[in-house]
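Each chain gets a letter, A, B and so on, in the order its sequence line appears, and its residues count up from 1. What you see is a predicted model; the values in this text were computed from it and never measured.
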2 protein chains.
Amino acid sequence: MNTAVLYSGGKDSSLMAVILDKLNYDIELVTVNFGVFNSWKPAKETAKSLGFKHKIIKLDKTILTTATEQIINDNFPNNGINYIHHQVLDTLAKKYDILADGTRREDKIPKLTHSEIQSLEDRNNLQYLNLTGIGYKTINDISDNLFKIQQEESNLNNSSDYEMEVRYLLQEQNQSICNIFPKHIQSRVIGWK
Amino acid sequence: MNTAVLYSGGKDSSLMAVILDKLNYDIELVTVNFGVFNSWKPAKETAKSLGFKHKIIKLDKTILTTATEQIINDNFPNNGINYIHHQVLDTLAKKYDILADGTRREDKIPKLTHSEIQSLEDRNNLQYLNLTGIGYKTINDISDNLFKIQQEESNLNNSSDYEMEVRYLLQEQNQSICNIFPKHIQSRVIGWK
């Protein structure tokens, strides 16, 4: 079955990929892009370093612009980022039989509720998986055990999270970014241990 | 770290064990027993057939009798079974650093809420994992791919679920079982494919 893991190059989506790979799924790592900034590059490099197939799927830019407007209005990223994730899953659900992402137990957004998952699966005859059965301590332990990890202050060139293209649009529009996306340390997988 | 998977010999807990094993955890499969009936036997056989370490841990019988009273009063198993699961986790959390079970996305009971998980982990400096990131279709596919599975009508000798010792107590007390635990098909893992 056609199996994709939504992929950012971070620990969570890398672990989701490893679990499915070890369970004999022939996975494709997918990084979506809305055509405003090449934020897929770090994910592509990480996928290559782990030896997984990787694909960039271009999606409709209006998903990103709608989310960015929402984020500017809210002066807060959560609703906009969650909107992107839902749109991405809905679109990719039409291309794949199995879709997975690295959402873990503590994640608030992006996240699907139980009924949103059921609806996504039923509407698209899909199987959806994530890491909500696992907490951050366990994910950190497993990742430290499996992966070489680089930790840096988050910038436009070291992550493939949805946030990056939103940041790019905000910069273009001379919007302040620091309030909306405070500086944080970005963990990126850069290979096997 | 000391890692246990609560183990019934079914597909869910077997899959949880396989995932942790493939992620390099040195796991111990644990079947609890309250000393009223040897319901641990199927789990022990299955664990052996998969080549995993297995341990039977005897717990206080009053956990089982309290749950059984509740089940008789409710004429419905859910609260009693959930009570047993919480008590089991609370007790084993004191013996292990990592505890996992096979709870999957659709399971209603036994199940821990997000705050119950946080409380369990924080009170015991524990890492708890389950399969709530995965739905039944995916678990069935993976299990069919990995395991030889035997399907039979559920009876006292082909499962190590908590239900079995409760049934035994109900029988002893001449309580009707069929209303509380309707007949169902029991899937049991009997080896690798």
If you count heavy atoms of other groups shown closer than 6.0 angstrom to [atom1] of [X], is the number above 12?
| X | atom1 | result |
| --- | --- | --- |
| B:K94 | NZ | yes |
| B:K53 | NZ | yes |
| B:Y136 | OH | no |
| A:K148 | NZ | no |
| B:K58 | NZ | yes |
| B:K193 | NZ | yes |
| B:K111 | NZ | yes |

Can you measure from [atom1] ([X]) to [atom2] ([Y]) and round to the nearest 0.5 angstrom?
| X | Y | atom1 | atom2 | answer |
| --- | --- | --- | --- | --- |
| A:N130 | B:T132 | CG | OG1 | 8.0 Å |
| A:K137 | B:N125 | NZ | CG | 5.5 Å |
| B:D21 | A:K22 | CG | NZ | 9.5 Å |

Non-hydrogen atoms of chain A under 4.5 Å away: do they reach the side chain of [X], the backbone, both or neither?
| X | answer |
| --- | --- |
| B:I117 | side chain |
| B:M1 | side chain |
| B:Y25 | side chain |

With a 4.5 angstrom heavy-atom cut-off, which part of A:L146 approaches chain B: side chain, backbone, both or neither?
->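 When you check distances to chain B, only side chain atoms of A:L146 fall under 4.5 Å.
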Given a strict heavy-atom distance threshold of 4.5 Å, which part of A:L23 is in contact with chain B: side chain, backbone, both, or neither?
->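 Backbone plus side chain of A:L23, per the 4.5 Å heavy-atom cut-off to chain B.
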Looking at A:N145, A:I142, A:I134, which has the largest count of heavy-atom pairs under 4.5 Å with chain B?
->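 Highest number of heavy-atom pairs under 4.5 Å: A:I142.
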Are A:E121 and B:R105 side-chain neighbours, meaning at least one heavy-atom pair lies under 4.5 Å?
->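 Heavy-atom side-chain distance check passes, below 4.5 Å.
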